[in-house]
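Notes to accompany the following structure.
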Amino acid sequence: MAADELARFASMARLRAFEEACLEGVPTFEIHGELHTGIGQEAIAAGMIAALRDRDALVSTHRNHMHALAKGVNARALMAEIFERETGLCRGRGGHMHPFDPERNFSATGIVGASLPVALGYAYAFKLRGEPHLAIGVTGDGGANHGTFHECLNMAAAWKLPLVVLVENNQYAISVRFADVTATATIAERASAYGAWGKCVDGTDVEAVETAFGEAMEHARAGKGPAILEATCYRFRGHYEGDHDSYRPRAEKKESRASLDPIARYRGMLIARGKATADELDAISSQAKFEMTAILAAVRADRQPDPSGALDHIFAEVSP
Amino acid sequence: MAADELARFASMARLRAFEEACLEGVPTFEIHGELHTGIGQEAIAAGMIAALRDRDALVSTHRNHMHALAKGVNARALMAEIFERETGLCRGRGGHMHPFDPERNFSATGIVGASLPVALGYAYAFKLRGEPHLAIGVTGDGGANHGTFHECLNMAAAWKLPLVVLVENNQYAISVRFADVTATATIAERASAYGAWGKCVDGTDVEAVETAFGEAMEHARAGKGPAILEATCYRFRGHYEGDHDSYRPRAEKKESRASLDPIARYRGMLIARGKATADELDAISSQAKFEMTAILAAVRADRQPDPSGALDHIFAEVSP
Amino acid sequence: MTAGARPNVRNINASQAIAEAISLEMERDDRVVMLGEDVGRSGGVFGSSRGLQERFGPMRVRDTPIAEMSFTGMGVGMAMAGLRPVVEIMFVDFVGVCLEQIYNAMAKIPYMSGGRVKIPMVIKTAGGNIGSAAQHSQCLWATFAHLPGMQVVTPCSLHDHKGMMAAAIRSDNPVIFIEHKALLLKKAKDFLTDPHVPEEAYATEIGKAKVVRQGRDVTLATLSASVEYALEAAAGLAGEGIDVEVIDLRSVVPLDSETVATSAERTGRLLVVDEDYLSFGLSAELAMRVIEQLGPSALRQVRRHAVPDVPIPAAQSLEEVIVPGPGSIAQVLREMAKGA
Amino acid sequence: MTAGARPNVRNINASQAIAEAISLEMERDDRVVMLGEDVGRSGGVFGSSRGLQERFGPMRVRDTPIAEMSFTGMGVGMAMAGLRPVVEIMFVDFVGVCLEQIYNAMAKIPYMSGGRVKIPMVIKTAGGNIGSAAQHSQCLWATFAHLPGMQVVTPCSLHDHKGMMAAAIRSDNPVIFIEHKALLLKKAKDFLTDPHVPEEAYATEIGKAKVVRQGRDVTLATLSASVEYALEAAAGLAGEGIDVEVIDLRSVVPLDSETVATSAERTGRLLVVDEDYLSFGLSAELAMRVIEQLGPSALRQVRRHAVPDVPIPAAQSLEEVIVPGPGSIAQVLREMAKGA
Ligand SMILES: Cc1ncc(C[n+]2csc(CCOP(=O)(O)OP(=O)(O)O)c2C)c(N)n1
Ligand SMILES: Cc1ncc(C[n+]2csc(CCOP(=O)(O)OP(=O)(O)O)c2C)c(N)n1
Ligand SMILES: [Mg+2]
Ligand SMILES: [Mg+2]
């Protein structure tokens, strides 16, 4: 399965290169609001790709770019949206926290706790229509303490809806430490309160995520109700670009970046396994960087939306 | 402990007599909004009395009269409030869903899911000030599916706050059956999701409630964090007076009224135990009825609030 | 005056008219689904979804737990998945637990997606005073109307209850449909406004106000149950020689201020009656739009009569002086007729 | 024009002024507590509670999980238990998940309890546009103001940020304190309004508007960051011979329409500038109150300039034409000065 292994590595490389390209838009004010990247958390999105199908629905959060790419959203259109261009996925109206791709059943929200309900709606629609698709709702560890976590898992379980709740547990909600505001050691163990499937996995190990996510999806597909997959990880940058991030100890950040980098880890694993050489993997990384740099250049040539369209799209029809 | 047993019986008799007196105000439009009574659920409130202390806080729901009485709220003032009188606990402004008695740290809300957060605030204040008081938040089975259940238990557990969550599980949220919308067989088993204490008790058995509520209070008092006590029961009347209640099968209602009446059950137990005769217990019931009838008569003689005061109390101080 | 005498008028209430509209729309379009507390087995606490679950099954008519934030968001997800959900928030007062999904998701996604995503979703909810105190009596239409991206429909006549619910369901826009508890249980024969409800499916255009009584002296614009109160007041005043034009706004968004301005220009006097709170609400917005249209000096008098920024008290003696009713409306009209 | 040159002016930003106010009030009164996301270890995402947790400990300055509905209700319970909580809702846009506890509990309990219970509670939250798109840019002061029982404070000057936060904490009433993100990080030297922040504790009375620039031609009433924009516009127009009177409303509830009416009566022209949504908001309410006070024909012109009922777009090119700024304000003023 060397091909799969290289594909996984390439996915992670692409995700990181995409985020790094986005970073370029901050100092230039091309992205004039805030920006949240998922750098350091690539193994989770990459680990989802294998099990995701085209019509599955994925509803993400403020930290959504990598999930969008995993779901197959066009990178050029996504980056253009993040860079506030008319060519963006949403014509520059939505911006980086609110990308919508109806063709891929992908969406996101900037409001914590607001993603799972929408995913639940997709799950319900799939069940109602007898479709085999699944709905995946993403939340952070912080979002898992919001009431919607409870409400949605309870409903999904009571009605056996095909919902997978993916918890990206990076140990922090901005500055607030998971352990300081959470009753249990993991989110996954709450599964028992809903008769749901639950597992906590090392979210910096792309293969472990892929396996566990596959299991979660199978559980939901089998009509057994919701699954909670918690993937632990560490956020490598500030909560948003510009965050002082002084709430995380310097040593913790340093150590985590060294030991929890999913790309470096997988690189080491593949070399140790003799699946690829360092040069081969570096070439993949370069290729990803090249692709995203090209997209960035193209996006930068695009226009911002024409101000005359500022009032378009509020209502679907002209009000009578 | 015959004295305790008779006191318990008397408490339940008083609670029921109070509610029955309230019923009188509906056809006369003295209570011109809706009215929710707890008839059939007396063992729960009565079972709380032994462990409740004066400064403990109790935050109740739309079905709050019996909790208020259990907390020691003055029956005359409470009934006057329900009957919309100037002599009421809140001068007729609050009405039956919104009684506030700051001296007893008793309050309620008409919004489902809104009681536990307020109770959590009391619990936090008690801990902050190093006071030994406990906070009790009441919810129905329906309210336990609201997100606040999760949020509050999580916070109370993370911070080891002295909170007792009392769930009155009467199997229905208006017409919606507990089992149709709930993932687990009990609410109490969710305790594991919060590392909390949890127990489900027969809420039509006043002694069982008293024992279990005492344990829950002890747990919270010991600084071990929140306790969930679920008490099963059956609502004998419609959700509110005037409810068609056709969503509950006739046979179910009949059987439940016969087998789950906490007062009849306790009456039978006490007679069987030889603790009291039927006549003695009937005398207690008559006495309760007499007391509440007298209060009702007094309340009926009270005035409604003077219309000229309709704009009072919006703000504490005159706005500058 | 009332419909009792009229033939061809079924003596149904507004809840029945609504249930009929939803039923017909569910029949026409199997993407239409309904969800909320007690909408299924019970048929709605006011009966406005009676019979639907029996007819369309529990998947299309879903009783939910008390979890408004999540089932409202579920509606948003359903709409994105191609369904046309009607989500009931039993009383509008409860919207504080789920406004998030309504105003940040439902109402904004069409715009945020650059027009790529439509949210054909109806929030159906009951407002208004029938004696239920501070947490169960509010109207709150202005709360929704202040937030962009949703139409806000507030029918009064029986005819409109059915027609505007159908229009709301057929609309590709998010619609807030606010019922008035007093109208839901009011029967055709007791309505002053149009009580005629054809049995077949029909949709009534959203966004047009209607002159429900013509008059010379004062223009009274209002909505929902207050239209009935206004007509009652106007009928009484006719005997005193005061001739009131009554306009049923029918929706708050869109707000048909043109119809009001046309009338007010003629009468020179405008009264806005509103059962919602006075300040930062419908009354100022409508009056200002009329003034903007006609110029500041076109009107001799402008008055607002609404709940005076106070929570609704429980006691009837207090509620009566807080909430506009036929008596208080008549009083204001009398004052205006006496004035310039 | 700016404070750079002035001695005695500490070059702090509004976040620091607020943190200082809270700190002094916590020192004066140990019933004052603060809670919210990131208010503790991080000192607030805008730094407006920096240093408080170190100083007063984690029980009095509590970092919460993301559970606004419950921690807002917790604030209500704390207030009933005798504390004086300051609850931070990080961005006002998030209020949709917890409005319930704000408007049905915090704001109504004083009335519902017949005056027996006071809720001395402050909701502290940041609004306003700094490029954060539809779900992180709203102002929403009119949403609160429409609902009775809470004061709504919207400071602009640095001096007011400190003084009004202190007043809000000392008040026995529920207060919504809405900061503007652009002001929170703006330093004294860049303020056009009063940048002077005494180090000692002081409280500024809530409910009085302030004329921050005198002028003959047009009365411009506004609030929050728009006061700065208005002053900038007015300064530019002075060179064109247009003399604008600028009024800082400072609070939306109470709304000091008297001060505005007094000015507008003199100038005959009223412009309300509002960074909140146009319809069913502050602009109509204020204009109507002025008209009610002065009579319909006292003003030659009334204009409203606000966000035109559209979600805030992400792209700067769109945001700029949606949100009132110095340029667009100047444009409206020019049109008004040309008119009657
Ligand atoms: C309802 C709501 N409250 C607060 C916020 C502000 N906020 C945005 S992201 C965030 C932290 C989220 O933490 P987590 O869910 O762990 O996700 P992470 O950022 O760590 O990926 C907060 C508090 C918000 N957007 N919505
Ligand atoms: C947020 C909210 N949603 C809905 C309601 C309407 N409502 C009032 S009581 C009730 C049912 C409550 O059920 P449960 O919690 O089991 O209490 P019970 O009435 O059975 O005692 C509902 C849906 C409400 N008051 N608040
Ligand atoms: Mg996190
Ligand atoms: Mg129940």
Side-chain angles (χ1 to χ4, degrees), chain A residues 111-117 120 123-124 137 139 141-161 163 165 167 169 173 176-198 200 219-220 224-228 230, chain B residues 111-117 120 123-124 137 139 141-161 163 165 167 169 173 176-198 200 219-220 224-228 230:
Chain A
I111 307 295
V112 173
S115 54
L116 301 189
L120 189 72
Y124 195 99
T139 174
D141 49 294
N145 287 333
H146 191 281
T148 50
F149 181 87
H150 174 63
E151 295 180 349
C152 291
L153 277 160
N154 180 55
M155 280 190 262
W159 303 333
K160 298 270 178 275
L161 301 183
L163 176 73
V165 172
V167 183
N169 186 345
V176 178
R177 278 190 299 229
F178 177 66
D180 288 348
V181 294
T182 313
T184 48
T186 69
I187 297 295
E189 68 198 85
R190 294 181 186 161
S192 66
Y194 311 102
W197 181 100
C200 182
H219 176 90
K224 298 185 206 158
I228 304 172
E230 175 178 9
Chain B
I111 306 296
V112 174
S115 54
L116 301 189
L120 188 72
Y124 195 98
T139 174
D141 50 294
N145 287 333
H146 192 281
T148 50
F149 180 87
H150 175 62
E151 295 180 349
C152 291
L153 277 160
N154 181 56
M155 279 190 262
W159 303 333
K160 298 268 177 276
L161 302 183
L163 176 73
V165 172
V167 183
N169 186 346
V176 179
R177 279 190 298 230
F178 177 66
D180 288 351
V181 294
T182 313
T184 48
T186 69
I187 297 296
E189 68 198 86
R190 294 181 186 161
S192 67
Y194 310 102
W197 182 99
C200 182
H219 176 91
K224 298 186 205 156
I228 304 171
E230 175 178 9

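Proteins get letters first, then strands, A, B, ... in listed order; numbering begins at 1 in each.
The nearest pair of heavy atoms linking B/T182 to A/N154 is CA-OD1, 3.4 Å. Closest heavy-atom contact between A/A158 and B/V181: CB-C, 3.7 Å.
The structure places OG1 of B/T148 at 8.0 Å from NE2 of A/H150, a figure rounded to the nearest 0.5 Å.
For chain A, the option among B/A183, B/A185, B/P226 with the highest count of heavy-atom pairs below 4.5 Å is B/A183.
For residues 176-192 of chain A, every residue pair satisfying the salt bridge (Lys or Arg N to Asp or Glu O under 4.0 Å) rule, not counting sequence neighbours, is listed here: A/R177-A/D180.
Residues forming a ring pair (Phe, Tyr, Trp, His ring centres under 6.0 Å) with B/H146 (at least two apart in sequence, or on another chain): none.
Within the 4.5 angstrom heavy-atom criterion, no atom of B/A188 approaches chain A.
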